[in-house]
Amino acid sequence: MNELLNFLFENEVLIYLLLFTILLGFEVISKVPSVLHTPLMSGANAISGIVILGAIILIRTTESDNYITLILASTALFVGSINVFGGFFVTNRMLEMFNKKKRG
Amino acid sequence: MNELLNFLFENEVLIYLLLFTILLGFEVISKVPSVLHTPLMSGANAISGIVILGAIILIRTTESDNYITLILASTALFVGSINVFGGFFVTNRMLEMFNKKKRG
Amino acid sequence: MNFGFLKDSEARVSISPSTSEKFIKLGHKVSIERGAGLLSGFPDSDYEGVAFSSRKDLIRNCDILLSVNSSSYGDLSSYKGKILISNFSVEPDRNKIKKELEKHKIIAYDLSMIPRTTIAQSMDILSSMAGLSGYKSIIKAAELLPKIFPMTITAAGSIKPVKVVVLGAGVAGLQAIATAKRLGAIVEASDPRKAAKEEVLSLGAKFIDVEGAVEDSSAGGYAVKQSKEYLAKQKEEVSKRLIQADVVVTTAQVFGAKSPILIPKSIVDNMSPGSVIIDLASSTGGNCELTQDSEVIEHNGIKIVGNSYLSSELSHDASNLYSNNVYNFIDYIIKENKFIGDEDDILSSCKI
Amino acid sequence: MNFGFLKDSEARVSISPSTSEKFIKLGHKVSIERGAGLLSGFPDSDYEGVAFSSRKDLIRNCDILLSVNSSSYGDLSSYKGKILISNFSVEPDRNKIKKELEKHKIIAYDLSMIPRTTIAQSMDILSSMAGLSGYKSIIKAAELLPKIFPMTITAAGSIKPVKVVVLGAGVAGLQAIATAKRLGAIVEASDPRKAAKEEVLSLGAKFIDVEGAVEDSSAGGYAVKQSKEYLAKQKEEVSKRLIQADVVVTTAQVFGAKSPILIPKSIVDNMSPGSVIIDLASSTGGNCELTQDSEVIEHNGIKIVGNSYLSSELSHDASNLYSNNVYNFIDYIIKENKFIGDEDDILSSCKI
Amino acid sequence: MDKFLFLLSAFLLVWGLRLQSDPASASKGNKLASVGMITAIFSAVIMPLENSFSNLIWILAPLSLSGVIGYLIAKNIKMTSMPQMVSIFNGLGGLSAVLLSFAEINKWIIYPETYQLTVVIVLILSLFIGSVAFTGSLLAFAKLDGYRWSEKLSLPFQHIFNLILISVIVGLSYLFITSPDISLLYIIIILSFVYGIFFVAPIGGADMPVVISLLNSFTGITAALTGIIFGNIVMLLGGILVGAAGTILTVLMCNAMNRSLLNVIIGGFSSNNSSKKGKDQGEIKEVSDSDFAVQLFYSSKVIIIPGYGLAVAQAQKLCKEIQEILETNDVEIKYAIHPVAGRMPGHMNVLLAEADVDYSKLIELEQANEEFKSTDVAVIIGANDVVNPDAIDDSTSPLYGMPILKVWESTSTVVLKRSMSAGYAGVQNPLFFKKNNQMYFGDAKESLQRLSSELKNL
Amino acid sequence: MDKFLFLLSAFLLVWGLRLQSDPASASKGNKLASVGMITAIFSAVIMPLENSFSNLIWILAPLSLSGVIGYLIAKNIKMTSMPQMVSIFNGLGGLSAVLLSFAEINKWIIYPETYQLTVVIVLILSLFIGSVAFTGSLLAFAKLDGYRWSEKLSLPFQHIFNLILISVIVGLSYLFITSPDISLLYIIIILSFVYGIFFVAPIGGADMPVVISLLNSFTGITAALTGIIFGNIVMLLGGILVGAAGTILTVLMCNAMNRSLLNVIIGGFSSNNSSKKGKDQGEIKEVSDSDFAVQLFYSSKVIIIPGYGLAVAQAQKLCKEIQEILETNDVEIKYAIHPVAGRMPGHMNVLLAEADVDYSKLIELEQANEEFKSTDVAVIIGANDVVNPDAIDDSTSPLYGMPILKVWESTSTVVLKRSMSAGYAGVQNPLFFKKNNQMYFGDAKESLQRLSSELKNL
Ligand SMILES: NC(=O)c1ccc[n+]([C@@H]2O[C@H](COP(=O)([O-])OP(=O)(O)OC[C@H]3O[C@@H](n4cnc5c(N)ncnc54)[C@H](OP(=O)(O)O)[C@@H]3O)[C@@H](O)[C@H]2O)c1
Ligand SMILES: NC(=O)c1ccc[n+]([C@@H]2O[C@H](COP(=O)([O-])OP(=O)(O)OC[C@H]3O[C@@H](n4cnc5c(N)ncnc54)[C@H](OP(=O)(O)O)[C@@H]3O)[C@@H](O)[C@H]2O)c1
Ligand SMILES: NC(=O)c1ccc[n+]([C@@H]2O[C@H](COP(=O)([O-])OP(=O)(O)OC[C@H]3O[C@@H](n4cnc5c(N)ncnc54)[C@H](O)[C@@H]3O)[C@@H](O)[C@H]2O)c1
Ligand SMILES: NC(=O)c1ccc[n+]([C@@H]2O[C@H](COP(=O)([O-])OP(=O)(O)OC[C@H]3O[C@@H](n4cnc5c(N)ncnc54)[C@H](O)[C@@H]3O)[C@@H](O)[C@H]2O)c1
């Protein structure tokens, strides 16, 4: 527990950053028409695929003969980036209908 | 110049924080009806009086016999906090009219 | 089949040029008495593919003979064995006419007896004619009234809007309400049927609320006879408005009975001179005590118009609608050149 | 001063109970010929503080004598030295009447000559009466037409909206447009004045555009005489609409001249039977070639009403407005029991 | 350089998400966010690392493969299966986090000294949440796609069981941290998978979008946690951002359905809810304000069918107002007037004339029935009998034989009325239960008011 | 503890600012922000510091004194002087930053080694910006309060002069850093003060609110800079937040005036702009959409005066719509019908009947003239001659003697028309130049459309 508190104190700026990011997340979404719910969910989902950065870093810091880790990380990267790419493409398709017409 | 770059690199998290704070500042204000312009300006002005924290810290870190600094800082605190308190009170008065009526 | 359309004793005609075409398309033969449509704006030359003849020839050659009003048939004895389709509601004595028809072996269908169901509405002459009468009642009132309907603020002074009271918010009453509202009058209406209130409000007019109406939904849309207390109460509530009204339109009819008296002489005496009463129920006795059927009388400067057939003054539109009603009826009852069975609801309720 | 109000040869009266009160408040004496207001819905008993008398006594006792139409005065010789206030525009020969007035030393003010300025509008009888006539023209047309005005889709078929064409969008024309629109007609109008277009559109009606109108703003609101080419062009554009119209209302008048013929017989011949033409310009010759002033004629089933005084059919409202006009005029010209000088614009333009 | 790129990508992600919350800019927002993501990936590949190894092929191969697969899936999926797709993607994201955490924990078991305790706790948390997101999303997919079995997974006392399950997982995790044993880890993973299933199982199929959104914010949180472990600030921020945005979005979605989040999660009874009104005729669907507005706004032809209810509500002027709004946005509007609509002949004409609707916009029954096929939306305002398909289909209906407006031939229909009650003829209307019909309940005046303000906000 | 409090205060400041951007929650937002500020002050007082001295009296004395003064000023100031007050406050904020920076630079001159170079640069920047905010705000105050001299300060070639001034200041700063000399510092300060004045001088009085907002964001930036120096993150964040929000706000204010920021700052010609249309009759004031909406929304009684223009625009239905919106918000609405409004007798009656305005809402001239005194806003829609005060005041006017609607007796009037052109009688209308009148230009249909959507957003 103490360790956690220390972590927090040491990373004061990080905590602010987290707070502000959460606020920003709330703020950015707070007024969405319900038609956008699904595409927005899809878009946010694609962003959550950011986890693949971890996979890349892990691959890059793993010895080239540690196949178990490499395979694990590579699979993680694979499935994660399906989430990312598929997510963006799908979202894009959903949103295309809104481009059909300019605002009145 | 190098020094500045170093500063930036060392404070990576801080830079993110600044970026996000600016975004948050934009985001928070971006849709304001023009009637709120004046009170909002007034409210933001009061917040800009946050500079008095500096005065407080300066006073607290100044030797008790360094009168020049103490007087300077104390004056800074005085004028700055007129900004703060006056600002909040004035804003409050302006905003009271919006409480006259609930939303329809 | 062979249809013959008579020239009526009034302006309307039971066939329009466009319906005659439809009849012919169905494979029927159409004969029309000469000059039948003239007063409705349909000279004989407008009809195509149609035989014109004298009444005598018409009766001889046709199986089915149609007119707008049964009174136009004249002596029924000349129609032996024929089928007649018309509005028999104008007959003063229904039983008498029934006997006479039987005597001459005439089959007759009374279009005023079409049931008031959604599906039969396209054949319902009472509905279509009542709508026109309602409109015309207000036009006539506006013509007779020495005032203009809408509120008008001018440099030469302000004119208050005219007050219109409509008694009986059936088809005619509703149309009268709508027309009066259009012209800018303040309109209030009264009717014992519960649904009428919502209907009146749906036209943006005010409803004069009277409690205690007898409701009988089984009467198929016709009003039922109301209790004496109810009528008294209604009279009182309504009287107030009537006395201040500039125009009163009455349409209150009760199926198979004399129309209720809603405006006794005492009220008329209290109305201001110049006011106008249009009594559309005059043919069944009238809703105003002073009404004389088919006449315009003046009582203390108040004009009282007794006319149940205002629609015939709109002969062009009326003939169009009437002949559509007739066509829809024929189209419904004759399938493959045969009458559908008498067990059909609509047919059986029309048969005299 | 001592005012005498005559009983007119028509339904209107030049004083209403409420204006008589205002006259008395100003300190004037008011005498009225017996029964003058009856036809406008103002029995003698409605007037308070007023003397009733015979015409003879009236003329003897009063300084100023008023009527709705100058034709109601009868023999002018009996009014020696008096002041007359009325509408003299009904006189067929203006010069003759002028000479006669001079002969009898009568001072006369013609209320139809009130200038058409914003400030004088409250005294302008032509405006106030024209507004009423415009309304009535449509009511009369609706009464005569064998069709209903609004579009109506019913189970018995659909009725197309009536087409109304208004020629001359002055006060009467605009009011006719507004009333026809209210009843649901499709309305088109034409007028050579440029401003008229915007005014017609401001009522939600369509304007029939014709290029090349002569504009003369100095004419003070009255229309100026238009060039022959213009009239020809207009006729052509308008004719198309006229032939299809169900109702035509014409109000085109040119100050001091015969009204232009806008509807020649040839057009009437092409209109459909049942249509109605209301010619409000009939007193100055009429806008339709066939118009007979003050009569309703029928030509090939087309009814042509020639009537420039439809407002008198709205006697109640008309008398109210007229008497307000009169009151406002008197209130303006008489200050402290004296006439204001003849140099006043309004007074001088009314003086005959 | 890489730091700057990371910063840029963080900005792009935030700004992209922001733009996505407005229909007018949503598409641009998505593109911006994807550029941000690619920037981040690129930076992660080029960033200088201590003891880095060039395992580039291990990175590029899966990346390019998944890029192609993702593109193909997205291109070929039907528009109607979008929510399913999103839930599968989300599951994959969760799986990715699980694999990563597992790999790291594996490393920890081998070199325990190199890790702080906090990191291990974070790793296990990430593993757990990722697993829940994974199996939960898959189940959500199954429910959305209508697999019958997926609705029957719920156990009695599910919520109590879930609580117990969680406690077990926490307990095992504690054990594992104190005495690392790989088999324990496997058990934890399996139990987490099970928990994911049981978490979603009791929630009704209609609430799945909410669940997906919630699971999505879970994935966001795992990304953030993993970000802490890898010391990558963009991962942290992106994850937190999605976590926060996803949570708010979930709440908004619940609000739009007039439900509370708790209510949805406790679930169970919710699935009956939506079919309650339908009796035995089938299910009706309600349409939300903004969906209705957008549907109209993006149509090219709309036919309005006014009925007696429009007159009762006296909403004719609002109707005209909506007509005008849509017309200025190039939607073609007509009014189909049924001959017996209303309560007197010509009732609708009187009504629409009052609102000054141009006569040329009014079409009659026959013409309307020809035009419905080319109509995007038929909006039925307070009409009932005149659009009752039984007049054609059901010879026992009192309306049988009456000519009727065949509104259902348009692409979709929306019915505005206050309740499910019948019209003048007193019979129920099968139109309301048709597949392409939606109900918009409420007094027509209020409904149109709502619709109008929604349209103005577009 | 203090760290937590600082975090809390940062949150409160952000959230407070956020709530302030919506009229419904603005008041609450301000309170939240002030709580945040007090929390921050408190934390700064209690936070543990290395080599701290207990100079508590030096802190509490000015704090309490200024609290009282601030309260008194705020309580007694007139509502109309609010913008002036804000600019003075802002100037004080700037001065505070100047004093602080000066004190720190002083310290640096004494102990040069303890400071990094960056810090010194930041300090001088803060000094400069603070000075500009200080004198700029004071000048803005003078302009707002209508001091004549304040409009004449501008030099020819002001912008070129300003550029030179800036260069001099930069040069001196460089000199100062390389060879610290206190007198150089004084010159820098004085030149900065002068620059502040010249920055604001060329900008027109009407644009002052924009300037104040801009200067306010300057103060925010100095606060942030000072925050860096004192290593206080809340100062930094608060400053940045205000800097960003202030900038956006400035842009929004410019947009609302249909100006660009650059346009405002270059200034000069702008001040003539607003009086251009007035000819020699005086100045007219335009009202913005949302100000108009709020004014109506918060009234208790509004009288609408329709005229010919309402008919030309065919905007009667929109007028009715606005009536209804306001009525549901408890505003009493009446229509004052002048007997000759429009172009035919009863024109307005026809018009309003078409929009189905209830007869009972219509009042005639005499009654209207009694009611204006108790009316908050008289809204004149496309009327002109019928509200022309010359009919009473000017015996040479062609309208002289006509009874007129005395709209100017209401608290304020708003005139909707397309331009300044005359009505039927062809004469100019002095009403438009009255103090309590505002113009709302545009075709009545479009204007009312704008007003209506603005009202719906309230
Ligand atoms: N045209 C005529 O001459 C005439 C004369 C008499 C009878 N009829 C008959 O009347 C019927 C006309 O058909 P229709 O489709 O117009 O009407 P309808 O079938 O009577 O249906 C009207 C619908 O409007 C809804 N409604 C009522 N008030 C409402 C409000 N304030 N807001 C929203 N919705 C409201 C009602 O549902 P909720 O209660 O759920 O809201 C009702 O289902 C036909 O059966 C016809 O035969 C016609
Ligand atoms: N009532 C009658 O019987 C009658 C008959 C004839 C003449 N008049 C005369 O007409 C006048 C009536 O007075 P009033 O106040 O109603 O009208 P007005 O004095 O003619 O003024 C109308 C104003 O409306 C504005 N306007 C025109 N179109 C507009 C649009 N689309 N949107 C917004 N504003 C528009 C015009 O200014 P912009 O161009 O700047 O927009 C104009 O100043 C009186 O002088 C009266 O004597 C009356
Ligand atoms: N379903 C259909 O298609 C259809 C067709 C036509 C009419 N209708 C309905 O039938 C009903 C009657 O229509 P109608 O016009 O032929 O009726 P009607 O001519 O028989 O009577 C006219 C009206 O007078 C009213 N009335 C009776 N006694 C009264 C009294 N004492 N005081 C005041 N009013 C009194 C009646 O209620 C009725 O509304 C209406 O509800 C109408 O909508 C239905
Ligand atoms: N300022 C005021 O207070 C006031 C008062 C009353 C009328 N007016 C104005 O005066 C004008 C005339 O009003 P009026 O009704 O007494 O006019 P009017 O009776 O003299 O003529 C009626 C209309 O016929 C039109 N007309 C003339 N020749 C025509 C032709 N060949 N074809 C078609 N139309 C033709 C005229 O332009 C006029 O609009 C209108 O603009 C009216 O607004 C102003």
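Residue numbers start from 1 in every chain, and the chains themselves are labelled A, B, ... in the order their sequence lines are given, proteins ahead of strands.
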Largest heavy-atom contact set with chain B, pairs under 4.5 Å, which of [options]:
options: F:Phe230, F:Phe102, F:Trp58; result: F:Trp58
options: F:Asn55, F:Leu99, F:Leu19; result: F:Asn55
options: F:Val242, F:Asn30, F:Ile240; result: F:Asn30
options: F:Thr250, F:Asn106, F:Leu236, F:Thr222; result: F:Leu236
options: F:Gly130, F:Ser64, F:Gly220, F:Ser34; result: F:Ser34

So which part of [X] gets closer than 4.5 Å to some heavy atom of chain B, the side chain, the backbone, both or neither?
X: F:Ile229; result: neither
X: F:Met37; result: side chain
X: F:Val86; result: both

Next on the checklist: One pair to check against side-chain hydrogen bond (donor to acceptor under 3.5 Å, both in side chains): B:Asn45 and B:Asn83. What are the steps and the verdict?
Outcome noted: CA-CA 8 Å; B:Asn45 172 50; B:Asn83 182 13; 3.1 Å; yes
Are the side chains of [Y] and [X] in contact, using a 4.5 Å heavy-atom criterion?
X: F:Asn232; Y: F:Thr226; result: no
X: F:Phe292; Y: F:Glu454; result: no
X: B:Thr61; Y: F:Lys107; result: yes
X: B:Ile50; Y: F:Val234; result: yes

[X] versus chain F, heavy atoms under 4.5 Å apart: side chain, backbone, both or neither?
X: B:Phe20; value: neither
X: B:Leu23; value: neither
X: B:Ala44; value: both

If we define contacts as heavy-atom pairs under 4.5 Å, which of [options] has the most with chain F?
options: B:Arg60, B:Glu63, B:Met41; answer: B:Arg60
options: B:Ser74, B:Gly87, B:Gly80; answer: B:Ser74
options: B:Ser81, B:Ser42, B:Gly43, B:Gly49; answer: B:Ser81
options: B:Ile52, B:Leu18, B:Leu58; answer: B:Leu58
options: B:Val84, B:Ile68, B:Val28, B:Leu70; answer: B:Leu70
options: B:Thr69, B:Ile57, B:Asn66; answer: B:Ile57

Item to check | F:Ser101: partners by side-chain contact (heavy atoms from CB on, under 4.5 Å), with sequence neighbours left out | outcome: F:Leu123, F:Ser126, F:Leu127
Next on the checklist: Quick check on side-chain contact (heavy atoms from CB on, under 4.5 Å): which of F:Asp291, F:Leu249, F:Val210 does B:His37 satisfy it with?
Outcome noted: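 Considering F:Asp291, F:Leu249, F:Val210, a side-chain contact (heavy atoms from CB on, under 4.5 Å) with B:His37 is found only for F:Leu249.
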Next on the checklist: Under the rule for ring-ring contact (aromatic ring centres under 6.0 Å, His included), what residues qualify as partners of B:Phe89, not counting sequence neighbours?
Outcome noted: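 Counting only residues at least two positions away or on another chain, B:Phe89 forms a ring-ring contact (aromatic ring centres under 6.0 Å, His included) with F:Tyr71.
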Item to check | Separation of F:Asn216 CG from B:Ser48 OG (nearest 0.5 Å) | outcome: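 If we round to the nearest 0.5 Å, B:Ser48:OG and F:Asn216:CG are 4.5 Å apart.
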Next on the checklist: Can you confirm whether F:Phe42 is buried at CZ, in the sense that more than 12 heavy atoms of other residues, nucleotides or ligands lie under 6.0 Å from that atom?
Outcome noted: no
